[in-house]
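Being a predicted model, the structure only gives us computed values, none of them experimental.
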Amino acid sequence: MSLNFRFAVVSDLHIALPHTIWDHPSRFHLVEVSIPAFESAIEHLAQLDLDFLLLPGDLTQHGEPENHIWVQKRLAKLPFPVYVVPGNHDVPVLMADKQSIAFADFPNYYRQFGYGDPKQLYYTQQLLPGVRLIGLNSNFFNEQGQQVGRLDSRQLRWLEEVLAVASDELVLVMVHHNVVEHIPQQSRHPIGNRYMLENAPQLLQMLQRYGVKLVFTGHLHVQDVACSQGVYDITTGSLVSYPHPYRVLEFQRDNYGREWLQILSHRVESVPDFPNLQELSRQWMGDRSFPFLVKLLTQHPLNLPLAQAEELAPSLRDFWATIADGDALLDYPHFPQKVRRYIQTYGAIATGGTPTLIDNNSTLLLTRSQESEFRSQKVIYNS
């Protein structure tokens, strides 16, 4: 049976009312634009006849009650259904403190946006006939009280029960932490691993077993499309970080069962008080990148001496902005060969040496074989 619907993804809003903003010299978030950037994106999306909007976490800057209330009230006014999941910034503490809401309180703020059961931080909703959304909570507090990216065992059991009865539906999964690696060896990378779901292999195996092909994540603040075991992880950059992106997606299934997902990316180009947002934001990120770059160069796998890392870091000031942009083409021919090759692994170059520009604008062809095993194939174009 044919199927056609359009939706949007806006991630990592980091909404911060002016009196809740506090600065840190190494933050890449330009949270000063959080509210006007969201308003700009919504103004555009309201014109597109969307079926629904997905927000994969970090709705607020630090889980402040007043910021959650602002988000709740603003989402209630939108002309299309909205579904959310918590990010690490939304529930940074187990018990409420002077700054943030309690971990368990998140569903109470978002009952209209997926959480039919306010006592459970994950849910499933039928979006359209034959289309189901599963919203997962990837925020977990370990025995030391530290917040990590993980699905607890109870949630995994619940997920398998839901998937088992949804075999005839198209299932979309939304979760904050990454499920598929978006940077080289992300699961083991000393900087990148905190953006990954700790038990991603277990989740991937389950999704593959039940034929789930599309997962929408945030957290990493980059534009990237990655695939593993037939499962696509489409991560969307942050609305408060360069390049201030959001996505509009259209799913199609024809009468022969062939399925496509078209991905188009947009950017907030300017907001009041920041008329040249793209240029200013890229510069902001570069100006604050030095400590991050030194850490990247001195840690595994490069392990460069501190002096050499500090010498090379200024040449890489736009490195992370280029990664965040998506479809990165990276080459530093004047760098030592070992460093040059490592930096290139972050780029959008396939094994054969040709660019694979799929992170911002592409169409994914999703097919089912005669043996009912799911295969995924990329059909790529640039817009």
Give the intermediate values and the outcome of side chain to side chain donor-acceptor pair (under 3.5 Å) for residues His219 and Asp12. CA-CA 7 Å; His219 196 27; Asp12 295 75; 5.1 Å; no

Go through Arg27 and Ser241 one step at a time and tell me if the side chain to side chain donor-acceptor pair (under 3.5 Å) criterion holds. CA-CA 10 Å; Arg27 74 168 163 94; Ser241 293; over 6 Å; no

Test ring-ring contact (aromatic ring centres under 6.0 Å, His included) on His221 and Trp320; report intermediate values, then the result. CA-CA 10 Å; His221 289 209; Trp320 192 251; 9.3 Å; no

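Asp233 places no side-chain N or O within donor-acceptor distance of the main-chain N or O of Ala226, the cut-off being under 3.5 Å. At distances below 3.5 Å, not a single donor-acceptor pair connects side-chain atoms of His244 with backbone N or O atoms of Val268. Side chain of Gln278 to backbone of Pro243: a donor-acceptor contact under 3.5 angstrom is found. Remark: the backbone N or O of Ile191 is not paired with any side-chain donor or acceptor of Lys295 at under 3.5 angstrom. Using a distance-only test at 3.5 Å, with no hydrogens or angles considered, a donor-acceptor pair links the side chain of Gln223 to the main chain of Gly237.
Side-chain contact between Trp260 and Glu250: absent, with no pair of heavy atoms (C-beta onward) separated by less than 4.5 Å. Between Leu204 and Val179 the shortest side-chain heavy-atom distance falls below 4.5 Å. Contact of the Phe319 side chain with the Leu293 side chain is registered, since non-hydrogen atoms from C-beta on lie closer than 4.5 Å. Tyr110 has its side chain within reach of Tyr115: a pair of non-hydrogen atoms, C-beta onward, lies under 4.5 Å apart. Looking at heavy atoms from C-beta onward, Gln252 lies out of side-chain contact with Glu259 at the 4.5 angstrom threshold. Two residues are said to be in side-chain contact when any heavy atoms from C-beta on lie closer than 4.5 Å; His266 and Arg247 fail this criterion. Counting only heavy atoms from C-beta outward, the side chains of Gln283 and Tyr242 never approach each other to under 4.5 Å. For the pair Asn199 and Leu156, the minimum side-chain heavy-atom distance is below 4.5 Å.
Taking every heavy atom of both residues into account, Glu198 and Val148 meet most closely at OE2-CB, 3.8 Å. Scanning both residues, Asn139 and Gly87, for their nearest heavy atoms gives OD1-C, 3.5 Å. Nearest heavy atoms, Asn137 versus Pro86: OD1-CG, 3.5 Å. In terms of heavy-atom proximity, Gln344 sits nearest to Leu330 at CG-O, 3.4 Å. Contact detail for Ser362 and Ile358: the closest heavy-atom pair is OG-O, 2.9 Å. Residues Thr298 and Leu306 come closest through the heavy atom pair CG2-CA, 4.0 Å.
The pair Arg157-Asp152 does not count as a salt bridge, with every side-chain nitrogen at least 4.0 angstrom from each carboxylate oxygen. Ion pair Arg6/Asp49 not flagged as a salt bridge, since none of the NZ, NE, NH1 or NH2 atoms sits closer than 4.0 Å to an Asp/Glu carboxylate oxygen. Between Glu169 and Arg253, no side-chain nitrogen of the basic residue sits less than 4.0 Å from a carboxylate oxygen of the acidic one, so the salt-bridge criterion is not met.
Ile15 and Val93 are not part of a single hydrophobic cluster, where members link through side-chain heavy atoms under 4.5 Å apart. Residues Leu3 and Phe52 share a single hydrophobic cluster, defined by chaining ILVMFWY side chains whose heavy atoms lie under 4.5 Å apart. Following chains of ILVMFWY side-chain contacts shorter than 4.5 Å, one cannot reach Ile101 starting from Phe140, and the two form parts of different hydrophobic clusters. Under the 4.5 Å side-chain contact rule for hydrophobic residues, Leu297 and Val294 do not share a cluster. Criterion: ILVMFWY side-chain heavy atoms under 4.5 Å apart, direct or through other members. Under it, Phe80 and Tyr83 are part of a common hydrophobic cluster.
A tilted orientation is assigned to the rings of His29 and His89, their planes being inclined by 30° to 60°. Using bins of under 30°, 30° to 60° and over 60° for the plane-to-plane angle, the ring pair Phe7/Phe216 lands in the perpendicular bin. Between Tyr332 and Phe335, the ring planes are parallel. Angles under 30° get that label, and only those over 60° would be called perpendicular.
Aromatic ring centres of Tyr346 and Tyr342 lie closer together than 6.0 Å.
In the displayed structure, Gln99 atom CD is contacted under 6.0 Å by more than 12 heavy atoms of other residues, nucleotides or ligands. Under a cut-off of 6.0 angstrom, the local environment of CG in Asp117 is crowded, with over 12 non-hydrogen atoms contributed by other residues, nucleotides or ligands. By the neighbour-count criterion of 12 heavy atoms within 6.0 Å, atom CG of Asn142 is densely surrounded, having more than that number from other residues, nucleotides or ligands.
Between the side chains of Asp254 and Ser2, not a single donor N or O lies within less than 3.5 Å of an accepting N or O.
Geometrically, Arg288 engages Trp284 in a cation-pi contact, judged by NZ or CZ lying under 6.0 Å from the ring centre and within 45° of the ring axis.
Of the listed residues (Thr217, Asp224, Asp359), just one forms a side-chain hydrogen bond (donor to acceptor under 3.5 Å, both in side chains) with Thr235, and that residue is Thr217.
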